[in-house]
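Residue numbers begin at 1 in each chain, while the letters A, B, ... track the order of the sequences.
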Amino acid sequence: MTRTSAPGVRVKDLTVVYKTPAGELPALGGVSLSLAPGTITGIVGESGSGKSTLALSLLNAVQPPGRIKEGSVEIDGLGNVVELTGEELRRARGRQVGYVFQAAQNSLNPLKTVGKQLLDLGRSHDFDDLPALLKDARALLGRMGLDGGRVLDSYQHELSGGMRQRVGIMFALVLNAHLVVLDEPTTALDMITQAAILKIVRDVHHERGLTTLIITHDMGVAAEVTDSLAVMYGGRVVEHGPTTEVLGSPRHPYTKGLIRAIPRLSGDIDEARALPGRPPTLGTIPKQGCVFRERCPMRIAVCDTVDPEPVTRDARTVACHAVGRPATPIVPKEYV
Amino acid sequence: MTVTSPVAPAPISLRRNFWRGVGRVLRRKPSRMVGVAIVVLFVFMGIFGPLLYPNPLPRDDNALYASPSWAHPFGTDFEGTDVLALVVTGTRYVLLAGLATAVITVALGTLIGLLAGFHRGRWDTVLMRLTDLQLTIPGLPLLLVLSTVWKFTSPIEMGVVLGLLGWGGIARAVRSQSLSLRERGFIEAAKGLGLPTRHIVVRELLPSMAPYIAMNMLIAVTGAIYAQVGLFFLGVLPFDANNWGVMLNLSVFGGGALSSTAALPYLLAPLLAILLLTLGIVLVVDAMDEIFNPRLREE
Amino acid sequence: MITASGITKTYKQRGNMLGARAVPALRGVDFTIEKGGAVTFIGESGCGKTTLGRIVAGLETYDSGDIVIDGTPMSSLKPRHRQPFFRRIQLIHQDPYSALNPTRTIHQTLAAPLALRAKQTGRGKAWMEERARELLALVGIDPGYVLPRYPHQLSGGMRQRVVIARALTVDPEVLVADESVSMIDVSLRLGVLALLKDLRERLDVSVLFITHDIATARYIGGDGELYVIYRGQVVESGPTERVISGPVHPYTQSLLSAIPVLHGVERPGPERVVPTEALNEAHSDTGCLFARRCPFRTDRCEAELPALVSDGEQAHACLHPQRRNVIPVEAVA
Amino acid sequence: MKTVVRRLSGHLARGLAMIWVVTTLSFVIIRNIPGDPVRGQYEKLIEQGMSPDAAERATAALYGFLPKGSLWSQYVDYLNGLLHGNLGQSLSTPGTGVATIIGSAAKWTILPVLGGTLLSFLLGVTLGVYAAIKRSGKLGDALAISGSLLHGIPQYVIGLLVVAVFSTLWPILPAGGPVDIDFAPGFNGPYIASLIQHATLPVLTYALASYGGWILAMKSSVATVLGDDFIMAAELRGMSRGILFRYIARNAILPLFTILALSLGLLFGGAIFIESIFNYPGLGLLLVNSIGARDYALMGGTFLVLTVAIVVANIAADLLYAVIDPRVRKGAEA
Amino acid sequence: GVGGSGEAGVYTTIDGAKQIDATAPINPFNPQGNTFLGYDAMSLAWPKNDPVDPNQFYPGIAQSWTTTPDQSEVVVHLQPNAKWSDGKPVTSQDVKTSIGLAYTQGGTAYAVDPKAAGAAADVIVVDPHTVKVTQGANKSNTFLRNVLSTVVVPAHVFGSLLPADFWTQLKLARGSGPAAEKAKASITGLAQKVITFAPAKDVSAGPFVLERVNPGEALLVKNKHFWASDKIAPNRVKVLNYTGNQQIWNYLIAGRLDSAPFTAVPSGVLNRIRQTDGNEVVKGFSPVAVSMAFNQTKAPYDNVHVRKALAYLIDRSQVTKVASPEGGTPSQTTTGIHAESAKSWLGDSINGLDQYKLDPAKAAQELKAAGMKQVNGKWAMPDGSPWVVELHVPASFSDWVAAAKAITSQLTDHGIQASVLTSADYTLYLDELAAGKYDIGLWLMALGPAPYNIYQRIYGSANGWQLLAGNLTHVPPGKEGNWMGGPETLDGVNPGALTNQLNAADPARQKQIVGTLARLTNQNLPMIQLYDYVNTQFVNDSRFTGWPPNDSDVLRLPAGVWMQLGLIKEQGTR
Ligand SMILES: Nc1ncnc2c1ncn2[C@@H]1O[C@H](COP(=O)(O)OP(=O)(O)OP(=O)(O)O)[C@@H](O)[C@H]1O
Ligand SMILES: Nc1ncnc2c1ncn2[C@@H]1O[C@H](COP(=O)(O)OP(=O)(O)OP(=O)(O)O)[C@@H](O)[C@H]1O
Ligand SMILES: [Mg+2]
Ligand SMILES: [Mg+2]
């Protein structure tokens, strides 16, 4: 069943809810997104916008109290992941979808050496040829600039942050998965290490012919490595398209605001502008209407009642009532 | 943005919110309400128990070790006194000693832990050695030895001694808590703002440890109750007819409750009281974390 | 005006009977902040930035060197007499979540230092309340909404503003902002940065800005000084814009090269420098501290510790200084 | 290994200092207990029907066994004896060394304490994992509540109930003494069977009394580990259930080993209730009896042994941690 | 039967006198020693504990004995066939060695001081089976008793403890001057060596010999060399440890014990014990009573009216019912003597004494006579300060605690505030009692059968009379253990002196003295006698029969003696 080529992924109308004292609240509100085979897709969004939830959904691994309420996740060669259960699901994880954890810093069992955990992984997936697995792992680590032998013999606490992250990537790839999901792979790292990891992600992606999903809240990181970029806000994908285009000519007011809020190293520093208001949390996401309208400079009457449908035009998808329409913006309150 | 309106009465509404929050936390699980009910019942017995019965408790010379009946739900003791009345009137001593112990344990443990954790350095070393020492001393054996010297005539005295023998665990834990808390931004900020140490400790550090301290306090109450009841049971503490431990002792060693059924209710009544109180406290402890954490409380 | 000279700090990591491991966090750092000025420190993780910030704010002791606050050398005072001086320097923590006491409302949080202030200046309770509102308004949040609330009820941006307002209660002259926006939502970051910038202008407070992110350093302190710190040592310093556009030290160049490029808006700098290996605390302390990682190192680098040399404006500690153009440039659309 | 030795030496030094302080404290307290051992013996003889003057003369010989000299010189003698491994002579069983008596009593404490604690540890840890994994289910809740409740109930209450059930209401097991006299001591079947038979109820009591604690500790430890990222990471890598379970269990049980060692140390001192109830001739009962007889040397010796047990347990806990946790083991060597 | 040990020929019992400590030596001189009187430890004879005549015995190692009327000479004839369990014969030399060892321990008859009352003057081996012991100048009628209670140990095991010149040293010690002092010191110096001596194995002249001791249990097997081993029914004896009454109850309920020594039993438990197959209760005389003793140095207990008032207010039968329903009978009145002996000693004259029947009116009169006042229905001290009767008991005696509680409840009913105070343990209790710290304490009395022992308890060292080298002196209250603090003379009589005379007096004179002392005690109430113990013992018919009947004089002797006397038989069929 193992594929040797990059799979495509199609997420359709995915709704994920978390059970809270206030009832079941949607962390993802009908997200549709497709990853073209062999591309690196980035998802950017602020904290709580549902990025990790979406990433976990790709492995049908949303943790209680959350659950996938509706929608589907089709992965080439696997079918609808949402319907997978039990052993089937477990085997898909690791084998077909590699996952690099949000906190890959701590994604290793502190009591076992990396090598032993690798062997556990091999056994879990019924690998007969464990020495070959070790060899692959050493090669992968070597490819990422590490001394494979030494790393396999090390415990987590003996590795630096950057090394752990590389080990995390190795674990995601060593079973020859062709879909790799990286959740905030560089968040806790400093700049130089981050640059190195991003380079590795990009290189490995090309060498192995993967489909890669990389999740980050740092626009710069996404811009650096991705081919296509999706922007999330309040559990919705508000804009999706080729990276250079999304960055170069953002269409959704949120994307625009985000990009404008990034200070630059060159050019006029005062061009940077803060986005007013604050991002919603699970409890404050509006039940109806556009989730961004409170902060939107282009808000129109319909935004209050109707959730804008994503509209795809020239390979770019935008979910906004105001895009491409003449608008009478309602000026939002400054702060709060 | 000019502000001229007088300030909202924030503190008052806060306090009300606190109790409303507590109510909310308790209502979240029915078991907690049960726990509160049990604890309230015991507190009620502790305060009003002795007033419910005549003093001295009536005796019935013709009904020694009587079996349970409507008049005596748990039978009577060796003198013909109603066992239930003994348990009810004995609650006060038990609770008082428990409370005294808890207060001393927690106060001493918190104080020493805070001092050690907050000042670090030499203070820390000295206080921690002291704590180690306290933890190294075998407590129950020492109590046995002490009880030959010390006549624990009042529950408070009992509490003092039990407290002195039991603060080590809390001190150590509070120290490690305050060590980690002092690295937290808000403590540093308070220092940087030049706020006095008293403020930092009392207003900033302590409230953050409140759930922890409250939980320990409740656990210390139960621990103290067991220790003292146990010592009375061993018979090394002064006699008091309505003391639960004395009841256990007399029922077993005087009445033969473990050998025949005649005195069994006399044994079971204090045992049940202990079990019930334990249950109540266990159920209440469950809510402590949420009560003191504003985030969990308000949710 | 605050001058720090030759600050060193070595942490003794708790060891056992046979001795402790020493971690040099700062190896002699000098800098000066003018009133209303801005000084930025950048460097990799673990380079000693936080340590420096805490020392300047009087929250950490230092081993040698001196800090002179308004002409008074701190070494001339007993530790307990230093507090009034250090109070003028307030630290804004990186993490607004832990910088506010979760068990106290914002009102309580602000009231404590204000009460102290009121007592010192002989003002009453009314002043305190008014001042709290004034400060919150100053940092751009609605006092009526914020005052009765607990920190967990506020967003990261609001919290950081409250932290700043709290620092302002004691009328500080310097704000030390240690990674002050790194934990705030992207869309709110600039708001806080703008606030700091605004405060500099309006209240004439100086800002000592500590960051990974050179772009934000440029945003706040574009007109100030930039110090690049590596393993406890300043390896390059100078006017911010000048260092950014013309870094001389290979370490500065590496840092700047590592900045992600907004493809589509920018393109990478032409002369990116990539270190040959990762930061390792265990690297030797002799010679240039950066030598092991430096793509341009020579044998001399491994033997000789370069001193900080200045051309009057920009200073660097490199034996083979060469200006390189590494930062991304605006893409021509 | 080097780390372990280094740690050990530090601990030993501190432990010895602790022991010295506790010994001194207990010496002072014990020598100040009111009550005259000789008078106690006298009255006992009188009650047995001995005539007053005969009893008086019979007890006179016991004065020879009382420690002599000023408190200070007694203290110096005592310490000196201790340094030479001599705990002194018993007063209530004159002529028998304190060390001998303690040695024979210690056997009887170690057996049930160890048996009971290990039993409850295994049981509690297993059920604790279950309670943590099923924490939202009814059974998990029930386990947790039963755990807290049992944890809260004092040992003696459990002991009393166990006796009432298994030797009064339903007399199937002996509730007194450590072994039947019918069998010659040694490694023979009947003797060991009798030993086990007698130990069953005390062991059961120890087990019941501490089992709740283990459930709770394991439950919260498992809950912590379940919240650790590496478990989720392992799950997302498709690790098999068995391996996942082992990851959880092994990491969760680690901190419990420390508690295990510590609680073993403390249990020796806490054996008093259970040994009194079951008439088990261990250290706890020995202490009670030695207090009653005002046998100073025996009291001091027992106290010392209990203290040493705690100190050793502390050291063992720490070393155990250093041995099984690679973070400590390797971290310190690096 | 549930849980019975069942094994044929095994006799299970409990030694109520001590805990069995496996580490203790096999040595009767050791207070904790592992020898069991009547089984493997033998005395010359066994006292019958007659309520009046303490000089009646059953034979032990001594087959018979003769004595002169004034007890100046006792001749003991040993059992001709007596052998040690290792086959060696028991000879006069063994007796002499045992007496020598007794000297090191300071026995009454074997006091080094020749002036001591009832001390032996000489020990003469007449022939291998006859020993003669003569009494010194200060004669006492306890001499025969003390000689016959000598525990005999084998000379070939214990003999080495005595130095070769022991008897010359003893002679020297009985003289005077520095040489005598030195010799005395060397003899008493042997005490520790004797106490701590630990033979490798038991050598017994009794019906059994110790096989082994486990913690808490001892096993004895039949001694085939015992002179009357054909009379001994059991093959083995298991002696179980005694750590508390409750443990004996459980053994009894389980039917494990063939006989159990005196045990206090609550009614409920007694009923349970009776339900077990074969269990029987045997009751007999036990010369002990419980009293509440006053510290007469403390107001208001220095006033006899107050003591009498308390006596009138205490319902002794109710106290007995609460405290010891099965093991005690309420005292008829306070005489100092157990009711059983009182019948013989006092006859009908006891009815002439004040009975102190419950009588609140009389009590009020007495209290008024003492100047006590009633304030708000509560009795107060003459100066109006509150009066609280504090009754002290050791916490470990649950029947005493119950008795004290019952008394305080009764007093409270009559407007006297009263409370029970306990001491952590008996040792502490005795210490504090002797130090005069208590107003009133519960106190054993009537420790018969010897009349001297009975009254020495009341008018002895606890009350100020001390006998030093044959001289009786009286120390003032509060000093040297005089905690009772009574006056030196009562109605012009010195009760201490009278008591002291009991030892040397002939039976007629003894009766007269006892009568006087009983009357004095009854009138002055240095203590209030509460209840007299009943020797409640248990036996089980399932395995053995031939138990002593109720009121038998052997009941106070260990079951080993019953066996020696040929009482115990194996049950015909199981
Ligand atoms: N276990 C949970 N229980 C309740 N709500 C949850 C839980 N996990 C996530 N959420 C909520 O779901 C929403 C989406 O969370 P998610 O973790 O997917 O966000 P994210 O975009 O990955 O954020 P971050 O950048 O902080 O990682 C958030 O509002 C969050 O509060
Ligand atoms: N309390 C401490 N005890 C021991 N070592 C410390 C302590 N605080 C910091 N260090 C060490 O000092 C060095 C400098 O730390 P510092 O926190 O100042 O770095 P930083 O530049 O702020 O790093 P980051 O970017 O990660 O915040 C590091 O090697 C760190 O491990
Ligand atoms: Mg996330
Ligand atoms: Mg830092």
Is D:R294 in contact with chain E via its backbone, its side chain, both, or neither, using a 4.5 Å heavy-atom distance? side chain
Contact leader toward chain D among E:V194, E:D431, E:L444, E:T196, where contacts are heavy-atom pairs under 4.5 Å: E:D431
Comparing E:T142, E:I195, E:N27 against chain D, the one with the most heavy-atom pairs below 4.5 Å turns out to be E:I195
Turns out that what part of E:R145 lies under 4.5 Å from chain D's heavy atoms comes down to neither
What's the shortest heavy-atom distance between E:L502 and E:P451, and which atoms? CD1-O, 3.5 Å
Chain E contact via D:I33 - which portion, at a heavy-atom distance below 4.5 Å: neither
Against chain D, label E:V213 side chain, backbone, both or neither, depending on which of its atoms sit under 4.5 Å from a heavy atom there. backbone
N/O donor-acceptor pair under 3.5 Å between E:T188 side chain and E:A185 backbone: yes
Among E:E432, E:E217, E:R212, which residue forms the greatest number of heavy-atom pairs with chain D at distances under 4.5 Å? E:R212
Under 4.5 Å from any heavy atom of chain E, what part of D:Y280 do you find: side chain, backbone, both or neither? neither
Between E:D425 and chain D, with a heavy-atom cut-off of 4.5 Å, which part of the residue counts as in contact: side chain, backbone, both or neither? side chain
In short, D:S92 meets D:D295 closest at the heavy-atom pair OG-OD2, 2.7 Å
Between D:Q74 and D:Y78, a side-chain donor and acceptor under 3.5 Å: no
Ranked by heavy-atom pairs below 4.5 Å to chain D, first place among E:N250, E:N453, E:T104 goes to E:N453
Look at the rings of E:Y110 and E:Y103 and say which category their plane angle falls in: under 30° parallel, 30 to 60° tilted, over 60° perpendicular. tilted
D:K44 versus chain E, heavy atoms under 4.5 Å apart: side chain, backbone, both or neither? side chain
Using non-hydrogen atoms and a 4.5 Å limit, figure out which bit of E:A22 sits close to chain D: side chain, backbone, both or neither. neither
Which atoms of E:L430 come close to chain D, meaning under 4.5 Å heavy atom to heavy atom: side chain ones, backbone ones, both, or neither? both
Out of D:G292, D:G40, D:S104, return the one with the most heavy atom pairs under 4.5 angstrom to chain E. D:G292
Please flag which part of E:Q192 lies under 4.5 Å from any non-hydrogen atom of chain D: side chain, backbone, both or neither. both
Chain E: which of D:L62, D:T96, D:N279 shares the most heavy-atom pairs with it under 4.5 Å? D:N279
Between E:Y426 and E:Y429, what is the ring plane arrangement, given parallel below 30°, perpendicular above 60°, and tilted in between? parallel
Do the ring planes of E:W483 and E:W443 sit parallel (below 30°), tilted (30 to 60°) or perpendicular (above 60°)? perpendicular
Do D:E275 side-chain atoms and D:L285 backbone N/O form a donor-acceptor pair below 3.5 Å? yes
Could you tell me which portion of D:P281 (side chain, backbone, both or neither) has an atom closer than 4.5 angstrom to a non-hydrogen atom of chain E? side chain
Report which part of D:Y63 has an atom under 4.5 Å of a heavy atom belonging to chain E: side chain, backbone, both, or neither. neither
Considering only heavy atoms and a distance below 4.5 Å, find which of E:R272, E:K193, E:Q105 pairs most often with chain D. E:Q105
For a quick test of reading the model, state the closest non-hydrogen atom pair linking E:P25 to E:F197 and the distance between them. CB-O, 3.4 Å
Does E:W249 reach the main-chain N or O of E:A264 with its side chain, forming a donor-acceptor pair under 3.5 Å? yes
Option passing side-chain contact (heavy atoms from CB on, under 4.5 Å) with D:I158 (candidates D:I277, D:L204, D:I153, D:I274): D:I153
Against chain D, label E:A218 side chain, backbone, both or neither, depending on which of its atoms sit under 4.5 Å from a heavy atom there. backbone
Quick check on E:N214 against chain D: is it the side chain, the backbone, both or neither that has a heavy atom closer than 4.5 Å? both
Ring centroid separation for D:H198 and D:F278, is it under 6.0 angstrom? no
Interface residue of largest heavy-atom contact number with chain E, from D:T100, D:N289, D:I291, under 4.5 Å: D:N289
Considering only heavy atoms and a distance below 4.5 Å, find which of D:Q89, D:K107, D:E56, D:E43 pairs most often with chain E. D:E43
Lys NZ or Arg CZ of E:R556 over E:W46 ring: under 6.0 Å, within 45°: no
Tell me whether E:K184 at atom NZ has more than 12 heavy atoms from other residues, nucleotides or ligands lying less than 6.0 Å away. yes
